[in-house]
Amino acid sequence: MKFKVYFSILLVIILFGCSKDNEPQTGSIQISILIKDSLDPVFDALVSIPLISQEKLTGVEGSVFFENIEVGDYEVSIEVPFSNVILKEIITIELNKTADITILVNGPNVITPAILDIDKWIDSTYISLISDDIFGAKGYASIWGDIGSDIFIANNSNIIVNKLDKYEYSPSDKSIEDIWTNHYKVIRKANIGIEAIESSEFTSELNTDKNIAMAHFKFLRALVYFNLVKLFGNPVLVTSTDISEINNTQDALKIYELIEQDLIFAENNLGTSTLKSRASNSAAQALLGKAYIQMAGFPLLQNDKYSKALEQFAKLEGKFSLETDYKNNFLTETSITSNEIIFAIDFSFPEDPNISSWDWFYWGPKNVTERDFYSLTTNFIESYFKDPNDLTGTINFPLSPEDSRFFENIAPFTIQSSSTINAQDLSDWRPFKFSENYHNEEPFNLPYLRYSDILLMVAEAENAINGPTNKAYNAFNKIRRRAFGNTNNDLDSGINQEEFLNAVLNERRLELCYEGHRKDDLIRTQKLESVIESHNLNNPQNIKSYQPHKYVFPIPQLEVDLNPGVIQNNGY
């Protein structure tokens, strides 16, 4: 039976893109993508014309059609599933003519519409996580994870980064549209995989159990929806590729219910994994606990979810532990075996010259990193020192902060003529985590779930339920003892519930910086506005124009225009 393809209304953006008004001097393009040897059509290839911001996915016939395009030469980009190859062609549009182009790609690592190879589709869906605006170049840790909080200051070298950091975005911004669209591309892939398994229209050369395959797709769908519900507040719920089943549900609670259902299925059907970049039952447990923590906070404020989070985190005890050396979580050779990392995003594709592990890498020591997009706030730097006065006036090098994480997270130096120069000006200090991999040109894993994150969430949840108990202190102090190498810096006893929460949030900032958690933490605990107010007071030269409704992004205007049933977020 042929594999049926239905297009989600949410992928109207992908299918139709942003079209110009019709003009008289126009023509069309018909592009067919076929496998070179068999001439079978290639299903689900993404064909885009960047100059006019149009992109479409090939269907069962392997073709796409673009019409009413102004005459001229256009570069067309084709992203081929599974092969990770990006092909580029220059196509000429002539007046009132259709350019009929056939592009041949090498098999057999290309999907055809006859039947879905479930193993290749799982791999392809995981690879999709590194795309721009998800966990890639313009995504998670680089832009919408920590930026807009009190860690980064966007340098003036990139307009998009500056707008997001200063909360100057709008529904019509291309960056907002791209974040939305690329997340739904992954959801589409997950839904295709789920439906193929449900209809038994798939094959598996590895004889993968269908419930295990289903669990991978549901884990990935939950992961991406977790991003969307935090970023947009009320994304549209899509669980089918059949357009007739789309009902434009925009309800954060229903999104979280799907996340919960998907992760429970994943937990029950996945075992352990030798690869950090593949989901396991532990990764599902950790992610579900993290989702519960977010639900317990703002805006849902479902306090009962704190106890549910603790139930999930308890399942991880004895399975994971803190690395003795904090640095081991971020170096290539040690991160792949780290007993602290529960799940990571894999950026290494050595067999494909068209994909770089480092397209996403936007920071590093000054004068070294090509994309020097970020400086650090003085307040964040000072947080690693017991006495901030150590950083006023003439700074004495070598620096001697007691917190060992400082030297992994911050570069207090510049590079000049291949020489390392101590930087007296704090504005020349830069983020450093992961930089050693970058400069050694080594493959890279971005840790998404670490046991240190789990321990600090245990401390937060326990404190929310019972106040700062011994359990909360013990979880918190494990992180401190690793950072300082002793018990002398344990959190003072006798503090109240609010003081303990503030200590947890600050520790998360020091421990998890650049890993994309800070803004979520501040939103969840309703502290984002006050933190930005404090930042603006101390940094009048770098004001963030935050307004209360901007804790979430707007729904892209293009989506609202093309899909009238979609409701825009309040304030936009």
With a 3.5 Å cut-off and no angle check, do the side chains of Asp521 and His517 form a donor-acceptor pair?
no

Less than 3.5 Å apart, any donor N or O on the side chain of Asn328 or Ser338 sitting next to an acceptor on the other?
no

Check the pair Tyr473, Phe500 against ring pair (Phe, Tyr, Trp, His ring centres under 6.0 Å), reporting the backbone distance first and the verdict last.
CA-CA 9 Å; Tyr473 271 103; Phe500 189 90; 5.3 Å; yes

Should we count CG of Asn470 as having more than 12 external heavy atoms under 6.0 Å?
no

For Asn570, I'd like to know if atom CG has over 12 heavy atoms of other residues, nucleotides or ligands within 6.0 Å.
no

Can you list the steps and then say if Asp150 with Thr377 is a side chain to side chain donor-acceptor pair (under 3.5 Å)?
CA-CA 7 Å; Asp150 56 348; Thr377 66; over 6 Å; no

What one should report as the nearest heavy-atom pair of Lys305 and Tyr292 is CB-O, 3.3 Å

Residues Glu498, Lys527; criterion salt bridge (charged side-chain N to carboxylate O under 4.0 Å, His left out); working and verdict:
CA-CA 12 Å; Glu498 182 67 14; Lys527 295 182 181 294; 2.6 Å; yes

Axial cation check for Phe265 ring with Lys218, 6.0 Å and 45° limits
yes

How about Phe152 and Phe373: are their ring centres within less than 6.0 Å of each other?
no

Can you sort out the partners of Ile342 under side-chain contact (heavy atoms from CB on, under 4.5 Å), two or more places apart, ordered by chain and number?
Ser282, Ala283, Ala286, Leu316, Phe320, Leu449, Ile454

Does Asn396 have more than 12 heavy atoms from other residues, nucleotides or ligands lying within 6.0 Å of its CG?
no

Heavy-atom closest pair (Ile410 atom, Leu376 atom, distance to 0.1 Å) is CG1-CD1, 3.9 Å

Can you tell which of Phe553, Phe226, Tyr184, Tyr225 makes a ring-ring contact (aromatic ring centres under 6.0 Å, His included) with Phe232?
Phe553

Take Asp425 and Ser427, measure what side chain to side chain donor-acceptor pair (under 3.5 Å) needs, and give me the verdict at the end.
CA-CA 5 Å; Asp425 190 339; Ser427 66; 2.9 Å; yes

Under 6.0 Å from the ring centre and within 45 degrees of the ring axis: does the NZ or CZ of Lys327 meet both conditions for the six-membered ring of Phe407?
no

Would Glu507 and Arg405 satisfy salt bridge (charged side-chain N to carboxylate O under 4.0 Å, His left out), going step by step from the backbone distance to the final call?
CA-CA 11 Å; Glu507 200 64 29; Arg405 296 170 296 192; 2.7 Å; yes

Should Asn536 and Tyr546 be marked as a side chain to side chain donor-acceptor pair (under 3.5 Å) after you check the CA-CA gap, both sets of side-chain angles, and the distance that decides it?
CA-CA 10 Å; Asn536 288 344; Tyr546 180 77; over 6 Å; no

So which heavy atom on Arg430 is nearest to which on Gly364, and how close?
CB-O, 3.0 Å

Lys230 side chain near Tyr551 side chain, heavy-atom distance below 4.5 Å
no

Indicate whether the side chain of Lys386 and that of Asn489 have a donor and an acceptor atom separated by less than 3.5 Å.
yes

Do the side chains of Glu267 and Gln312 get nearer than 4.5 Å, heavy atoms only?
yes

Over 60° means perpendicular and under 30° means parallel, so classify the ring planes of Phe343 and Tyr126, tilted if in between.
tilted

Test side-chain contact (heavy atoms from CB on, under 4.5 Å) applied to Lys471 - qualifying residues, sequence neighbours left out:
Leu310, Val458, Glu462, Thr469

For Ile567 and Ile555, the nearest pair of non-hydrogen atoms, with its separation, is O-CG1, 3.8 Å

Measuring from Ile264:CD1 to Ile259:CD1, what's the distance to the nearest 0.5 Å?
12.0 Å

Do Asp165 and Asn542 come close enough that some side-chain heavy atom pair is under 4.5 Å?
yes

When you measure from the centre of the six-membered ring of Phe380, is the NZ or CZ of Arg509 closer than 6.0 Å and no more than 45° off the axis?
no

Which residues share a salt bridge (Lys or Arg N to Asp or Glu O under 4.0 Å) with Asp453, sequence neighbours left out:
Lys290, Arg508

Side chains of Glu323 and Phe330, heavy atoms from C-beta outward: is any pair under 4.5 Å?
no

Stepwise side chain to side chain donor-acceptor pair (under 3.5 Å) check, Asp173 with Ser170:
CA-CA 6 Å; Asp173 282 356; Ser170 71; 3.3 Å; yes

Least distance between heavy atoms, Ala309 atom then Gly289 atom:
CB-O, 3.6 Å

Do Thr525 and Phe298 touch side chain to side chain, with heavy atoms closer than 4.5 Å?
no

Can you name the nearest heavy-atom pair linking Asn367 to Gln416, along with the distance?
ND2-CG, 4.0 Å

So Pro554 and Gln568, do their side chains get closer than 4.5 Å, heavy atoms only?
yes

